[in-house]
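Naming: A, B, ... by sequence-line order, numbering from 1 per chain.
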2 protein chains.
Amino acid sequence: MASTPDLPTRLLFAQFAVVAKALANEHRLMLLQLLAQGERGVETLAEMSGLSVANTSQHLQHLRRTGVVTARRQGKRILYRLADDVVVTLLSSLRQVAERNVAEVQRLLDGYFRERDSLEPIGREELLKRMRRGMITVIDVRPAEEFSAGHIAGAISIPLEQLKRRLREIPPRREIVAYCRGPYCLMAYEAVSELRRRGFRARRLKEGYPEWKSAGLPVEDK
Amino acid sequence: MASTPDLPTRLLFAQFAVVAKALANEHRLMLLQLLAQGERGVETLAEMSGLSVANTSQHLQHLRRTGVVTARRQGKRILYRLADDVVVTLLSSLRQVAERNVAEVQRLLDGYFRERDSLEPIGREELLKRMRRGMITVIDVRPAEEFSAGHIAGAISIPLEQLKRRLREIPPRREIVAYCRGPYCLMAYEAVSELRRRGFRARRLKEGYPEWKSAGLPVEDK
DNA sequence: ACATGATTCAATATATCAATTGAATGATCA
DNA sequence: TGATCATTCAATTGATATATTGAATCATGT
């Protein structure tokens, strides 16, 4: 009885599908997560993602054509970035749906993550409140160049791979919060686990830098 | 220099991609938008979307396998629904990205929508405030069965196709707000345009019923 | 102007996805 | 129990997406 949808509605859905298709690939999602940290060149992204340069370039162009990322030229390299903060929201709700609904992800989370972090992670608002009271040491465990591209205001940079030899820089009695790229980035888990082994009181920030920035909370960037 | 991502991270992205792929199809997006109205059977969805029953069934199963929708049996039919309210958020941010970034969508919006509605649409909060003061008549212009599956609390049902012959039911001096399925559903545009031609003071609700419900605002449903 | 280095393009082979058809389930009602 | 109806399955065909390779651009610095 109901009629088939009219033309403009169909065109509109076709356009939404174009954007969804841009996200519908493991490697592009990974590139987007990397871009959520800040602007990056093609070769850097290729290295970080483990893809060939040509392949990375093609994925990035796909993302650009669909308006998910933008690019600008700087000297002889082309820097890509997310087109819009809404993209962070989009990725985040994608994650939530996967997390809440997909049995396979549940299994992965249970097996790989939960056992590493029995303590509850701390939320954004809670962390902000405690930082304002000076009660907490916040550690950014991402690689140094990601830190310098932008980080939570007041955080100190201790990349994961330097953590063991820089433990003495960390005040011993204060509570520590570690964060990295996002809720499924493993670096903060590793850091918390290591710090606890050494007797520190460490927790993980539930979200990562992209979510923090996207929520409008205080950052320091270039 | 940076290493290629470790295995669990890759598996996780692969799982996110599975969810994204479920959305990466024009017809599945349309089915999801229809399901955002409420539970529906396969045949109904096939009719509303203009797809064959078998094709609709396969798309729905795809969506179910990926955890985006769930199904339950009722008598001899199977009713599908969105698995989770987060799915509404996901669809909504997908829309926002498309709207803000894709040139083609801009063109469509400009050509088809803008000219139909020069007055600003009214937002959710604003509408709620005015409804509480009794200042406004809210009309649901979706088909009657969508209205009865769930609607904004206090709205009256006048399906678009009955609007012309039911004008006398509408209080003449009060401001009218019409809504339908969402920001890109055309029915509310048509209704507003028709009402204005007849001398009513009519505006469009910026969002549709799914967004209203998802925001936790008052509804009446079965 | 030319060599360099970063990025993109073009062409190919492989893999995955979508719509259609007709047959097979599985719950209901007579 | 058997007929009926809604839904799903299986197999096919045509279309689309992906990774790889090697060549082509295009701004820069000499």
Side-chain angles (χ1 to χ4, degrees), chain A residues 1-2 4-5 10 13-32 34-35 39-66 68-81 145, chain B residues 1-2 4-5 10 13-32 34-35 39-66 68-81 145:
Chain A
M1 213 47 71
T4 126
R10 291 204 43 204
F13 276 102
Q15 290 303 322
F16 297 156
V18 166
V19 176
K21 279 189 182 122
L23 303 184
N25 177 279
E26 177 183 356
H27 302 305
R28 283 195 294 273
L29 286 172
M30 183 171 294
L31 291 170
L32 287 171
L34 294 170
L35 288 172
E39 239 180 2
R40 291 281 145 75
V42 178
E43 192 166 355
T44 312
L45 290 166
E47 242 175 43
M48 292 174 112
S49 63
L51 300 174
S52 76
V53 171
N55 199 3
T56 304
S57 171
Q58 304 212 125
H59 282 308
L60 289 169
Q61 280 172 76
H62 189 162
L63 291 168
R64 185 168 59 172
R65 274 196 304 275
T66 55
V68 180
V69 309
T70 58
R72 70 186 176 94
R73 176 152 226 142
Q74 193 193 48
K76 60 172 56 172
R77 66 187 58 180
I78 305 231
L79 298 179
Y80 282 86
R81 63 157 72 191
E145 67 269 23
Chain B
M1 212 49 71
T4 126
R10 291 204 43 204
F13 276 102
Q15 290 303 322
F16 297 157
V18 166
V19 176
K21 277 187 183 124
L23 304 184
N25 177 278
E26 177 182 357
H27 302 305
R28 283 196 292 273
L29 286 172
M30 185 170 293
L31 291 171
L32 287 172
L34 294 170
L35 288 172
E39 237 179 4
R40 291 282 144 74
V42 179
E43 191 166 355
T44 313
L45 289 166
E47 244 176 41
M48 293 174 111
S49 64
L51 300 173
S52 76
V53 171
N55 199 3
T56 303
S57 171
Q58 303 210 130
H59 282 307
L60 288 169
Q61 283 172 74
H62 189 163
L63 290 169
R64 185 168 57 172
R65 273 195 303 276
T66 55
V68 180
V69 308
T70 58
R72 71 188 176 95
R73 176 150 227 143
Q74 192 192 50
K76 61 171 57 172
R77 68 188 56 182
I78 306 233
L79 298 179
Y80 282 86
R81 63 158 70 193
E145 66 269 23

If you restrict it to nitrogen or oxygen atoms, what contacts under 3.5 Å exist between nucleotides 24-30 of chain D and the protein, and what is each distance?
none

Step by step, would you call A/Gln74 with A/Glu39 a side-chain contact (heavy atoms from CB on, under 4.5 Å)? CA-CA 11 Å; A/Gln74 193 193 48; A/Glu39 239 180 2; over 6 Å; no
Nucleotide D/dT8, atom P - distance to CZ of B/Arg72 in whole Å: 14 Å
If we check side-chain contact (heavy atoms from CB on, under 4.5 Å) with B/His59, which of these qualifies: B/Leu45, B/Asn25, B/Val69? B/Asn25
When you measure from the side-chain N and O atoms of A/Arg28 to the phosphate of D/dA17, is any distance below 4.0 Å, counting only OP1 and OP2? no
Under 3.5 Å, N/O pairs linking protein and nucleotides 19-24 of chain C:
residue: C/dA19; atom: OP1; partner: B/His27; partner atom: NE2; Å: 3.2
residue: C/dA19; atom: OP2; partner: B/Asn55; partner atom: OD1; Å: 3.2
residue: C/dA19; atom: OP2; partner: B/Asn55; partner atom: ND2; Å: 3.3
residue: C/dA19; atom: OP2; partner: B/His59; partner atom: NE2; Å: 2.6
residue: C/dA19; atom: O5'; partner: B/Asn55; partner atom: ND2; Å: 3.4

Options C/dT8, D/dT8, D/dT18, nucleotide nearest the side-chain atoms of A/Ser57: C/dT8
Polar-atom pairs under 3.5 Å, protein N or O versus N or O of nucleotides 14-16 of chain D: list them with distances, or write none.
none

Taking the side chain as C-beta and beyond, is there a heavy-atom pair between B/Arg40 and B/Met48 under 4.5 Å? yes
Tell me the interatomic distance from A/Arg65, atom CZ, to C/dT8, atom P, rounded to whole angstroms. 11 Å
Rounded to whole angstrom units, what separation is found between the CD atom of B/Glu26 and the P atom of C/dA18? 12 Å
When you compare the side chain of A/Phe16 with that of B/Met30, does any pair of heavy atoms fall below 4.5 Å? no
Between A/Val42 and A/Arg77, is a side-chain contact (heavy atoms from CB on, under 4.5 Å) present by the stated rule, with each step listed? CA-CA 8 Å; A/Val42 178; A/Arg77 66 187 58 180; over 6 Å; no
Would you please confirm or rule out a distance under 4.0 Å between OP1 or OP2 of D/dA6 and any side-chain N or O of B/Tyr80? no
Taking the side chain of B/Glu43 as its heavy atoms from C-beta onward, which of C/dT8, D/dT18, D/dT7 lies nearest to it? D/dT7
Does B/Glu43 offer a backbone N or O that forms a donor-acceptor pair with the side chain of B/Glu47 under 3.5 Å? no
Considering non-hydrogen atoms only, spot the tightest contact between A/Leu63 and A/Thr66 and give its length. O-OG1, 3.0 Å
A/His62 vs B/Leu79, nearer the 5' end of DNA chain D by closest nucleotide: B/Leu79
To the nearest angstrom, how far is A/Glu47 atom CD from C/dA6 atom C1'? 13 Å
Gap between atoms CZ and C1', on A/Arg77 and C/dT4 respectively (whole Å): 13 Å
Non-hydrogen side-chain atoms of A/His62 and A/Gln58 separated by less than 4.5 Å: no
Are A/Leu23 and A/Arg28 close enough that some pair of their side-chain heavy atoms sits under 4.5 Å apart? no
Take atom CG of B/Leu63 and atom P of C/dA18, then tell me their distance rounded to the nearest Å. 10 Å
Heavy atoms only: give me the nearest A/Ala71-A/Arg64 pair and the separation to one decimal. CB-NH1, 3.3 Å
Under a 4.5 Å cut-off applied to non-hydrogen side-chain atoms, are A/Thr44 and A/Leu34 in contact? no
